[in-house]
Amino acid sequence: MANIKKNRLKDEVAFRRFLPLVSITLLGVFLLMFLLRINSNFATPFSDDFSQVLTNRSHARQMLSLPKQTEFSLQLEKRNQMPPRNLDLYPSLDEDHITIVLYVHNRPQYLKVAVDSLSRVVGINGTLLIVSHDGYFEEMNKIVEGIRFCQVKQIFAPYSPHVFPNSFPGVSPTDCKEKDDATKKHCKGTPDQYGNHRSPKIVSLKHHWWWMMNTVWDGLKETKDHSGHILFIEEDHYIYPNAYRNLQILTELKPQKCPHCYAANLAPCDVNARGEGWDSLIAERMGNVGYTFNRTVWRKIHKKTTEFCFFDDYNWDITMWATVYPSFGNPVFTLRGPRTSAVHFGKCGLHQGQGEAKACIDNGMVNFQVEEIDTVANINSDWEVRVFEHQPGYKAGFKGWGGWGDKRDHQLCLTFAQMYHS
């Protein structure tokens, strides 16, 4: 019995001596696991988030019938989750900043001019520039990656026809072409009102704009809670140095000076006009060069998804003028200054102007007269507002230029509106 007690005592002593070693070992293992986890998260900071995003997208595809994504489409969607660049140069945004969205196609010569003009804009380094790409084009990507004058975030339309070379929404081998008779040719597609079948290159314009709007307002963590205004510009817009400061003044004046105005514009609705030069503000129909609105207006637009998605015109802006804005029930005015702060310089439409020889810029360059008055804010808060109530342009009743008759495009458009609401 005494021997048993002695053995137990020896075992307890040995255990007490061994216990610190076990504790230190376990502590080391836990510490190592913690450090490895931290290091892993640092090396791939979006892996967990993106896994959840993919899970959500997979569920959304099942619920909303989004096209099955290619590997490249998934890669683009992953890139859309990345944070803005240049945070080391510009760690914070101005409290009253107006986010700028530049949406681009594949016209690098145009984009270089637009980016160069933006680099000279006063106040640009205090805001976020989002560049929305219609698919992926390496030269366009390189130009944007070279931007150093502000925070910049790139997003790529993952369902762009340019990303699907062999299936819808791109070109499918079974698709009808031009004026094919679907019954006779045994091909797929619904013609537009003029008897023409879809062209992926054409429909991508409207798809990209609608996907971008839904994504920027409701899908990006950088902007989905943004309550202020967002400025939208395109790759063939030259932005004057005073544009941003003028826009800040206009958006501040709009509630008092023009409470019935939906937006603020940098340029007249007539793209060939340069302003009147009066000592007054102008309220006119919504333009498509440098237009700016807030989330309240976006909500009104989003409620008109059906009108937008079923109107037979491949142009987003004509669709808005001819069916969405008229459905609001009252005139849609925008507020601007009497002198333009942005210019549309594109001479070719669609996706032309890619190469040096084909670039739609006179003599390889754009010449705009930027006077001293265009370098500083030139809008006076004491000015009255002149309202242009009757102006030429597309209105309710215009039946559209076509190009948007395929039921698959209608469905994809409807789906984009529900991506972040399912």
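Hydrogens, waters and symmetry mates play no part in the numbers below; they use all other heavy atoms, side chains included.
At a cut-off of 3.5 Å, with distance as the only test, a side-chain donor of Asp218 or His421 sits close to an acceptor on the other residue. Judged by distance alone, the side chains of Asp134 and Asn106 never bring a donor and an acceptor atom under 3.5 Å apart. If you check the side chains of Asn330 and His260, you find no donor sitting under 3.5 Å from an acceptor. A side-chain donor from one of Gln248 and Arg245 sits under 3.5 Å from a side-chain acceptor of the other. Thr375 and Asn242 share no side-chain donor-acceptor pair at under 3.5 Å. Residues Asp312 and Trp401 bring no donor and acceptor atom of their side chains to less than 3.5 Å of each other.
Between Trp209 and Tyr291, the ring planes are tilted. Angles from 30° to 60° get that label.
In summary, Arg336 and Glu276 engage in a salt bridge, as defined by a charged side-chain N under 4.0 Å from a carboxylate O. Comment: Asp116 engages Arg120 in a salt bridge, judged by a side-chain N to carboxylate O separation of less than 4.0 angstrom. Ion pairing between Asp180 and Lys185 holds under the 4.0 Å rule for side-chain N and carboxylate O. Between Glu371 and Arg339 there is a salt bridge, since a side-chain N of the basic residue sits under 4.0 Å from a carboxylate O of the acidic one. Ionic pairing of Arg79 and Glu145 is present here: one or more N-O contacts between side-chain nitrogen and carboxylate oxygen are shorter than 4.0 angstrom.
Within a 6.0 Å radius of NZ in Lys188, no more than 12 heavy atoms belonging to other residues, nucleotides or ligands are found. In this structure, Gln391 places its CD atom where more than 12 heavy-atom neighbours from other residues, nucleotides or ligands lie under 6.0 Å away. Crowding of Gln256 atom CD: a count of heavy atoms from other residues, nucleotides or ligands under 6.0 Å exceeding 12. Within a 6.0 Å radius of NZ in Lys395, more than 12 heavy atoms belonging to other residues, nucleotides or ligands are found. Surrounding CD of Glu138 are more than 12 heavy atoms belonging to other residues, nucleotides or ligands, all under 6.0 Å away.
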Test side chain to side chain contact (heavy atoms under 4.5 Å, CB included) applied to His162 and Phe137, step by step: CA-CA 9 Å; His162 303 288; Phe137 300 96; 3.9 Å; yes
Trp217 and Trp210: CA distance, side-chain angles, deciding distance, ring-ring contact (aromatic ring centres under 6.0 Å, His included) verdict: CA-CA 11 Å; Trp217 286 109; Trp210 190 238; over 10 Å; no
Side chain to side chain contact (heavy atoms under 4.5 Å, CB included) between Phe232 and Tyr103, worked out: CA-CA 8 Å; Phe232 295 91; Tyr103 50 104; 4.1 Å; yes
Test log, rule side chain to side chain contact (heavy atoms under 4.5 Å, CB included), inputs Glu284 and Thr334: CA-CA 6 Å; Glu284 64 173 1; Thr334 186; 4.3 Å; yes
From CA spacing to verdict: ring-ring contact (aromatic ring centres under 6.0 Å, His included), Phe333, Phe388: CA-CA 9 Å; Phe333 287 103; Phe388 291 161; 9.6 Å; no
Gln154 vs Asn141, side chain to side chain contact (heavy atoms under 4.5 Å, CB included): CA-CA, chis, key distance, verdict: CA-CA 9 Å; Gln154 292 190 87; Asn141 179 57; 3.2 Å; yes
Tyr159 and Thr415: CA distance, side-chain angles, deciding distance, side-chain hydrogen bond (donor to acceptor under 3.5 Å, both in side chains) verdict: CA-CA 11 Å; Tyr159 295 98; Thr415 303; over 6 Å; no
side-chain hydrogen bond (donor to acceptor under 3.5 Å, both in side chains) between Asn246 and Asn378, worked out: CA-CA 7 Å; Asn246 274 349; Asn378 54 18; 2.9 Å; yes
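If you look at Tyr136 and Phe156, their ring centroids are closer than 6.0 Å. Two rings, from Phe149 and Tyr90, have their centers 6.0 Å or more apart.
Side-chain contact between Asn80 and Thr215 is absent, with no heavy-atom pair separated by less than 4.5 Å. Side-chain contact check for Phe345 versus His237: every heavy-atom pair is 4.5 Å or farther apart. Residues His105 and His208 form a side-chain contact, since some pair of their non-hydrogen atoms from C-beta on lies under 4.5 Å apart. In this structure the side chain of Thr223 reaches within 4.5 angstrom of the side chain of Ile130, judged on heavy atoms. Between Leu129 and Val101 there is no side-chain heavy-atom pair separated by less than 4.5 Å.
The side-chain tip of Lys206 points at the ring of Phe308 from less than 6.0 angstrom away and within 45° of straight on. Annotation: cation-pi pair Arg198/Trp404 absent, no NZ/CZ under 6.0 Å from the ring centroid and within 45° of its normal. A cation-pi arrangement is not found for Lys300 relative to Tyr262, the charged atom failing to lie both closer than 6.0 Å to the ring centre and inside a 45° cone about the ring normal.
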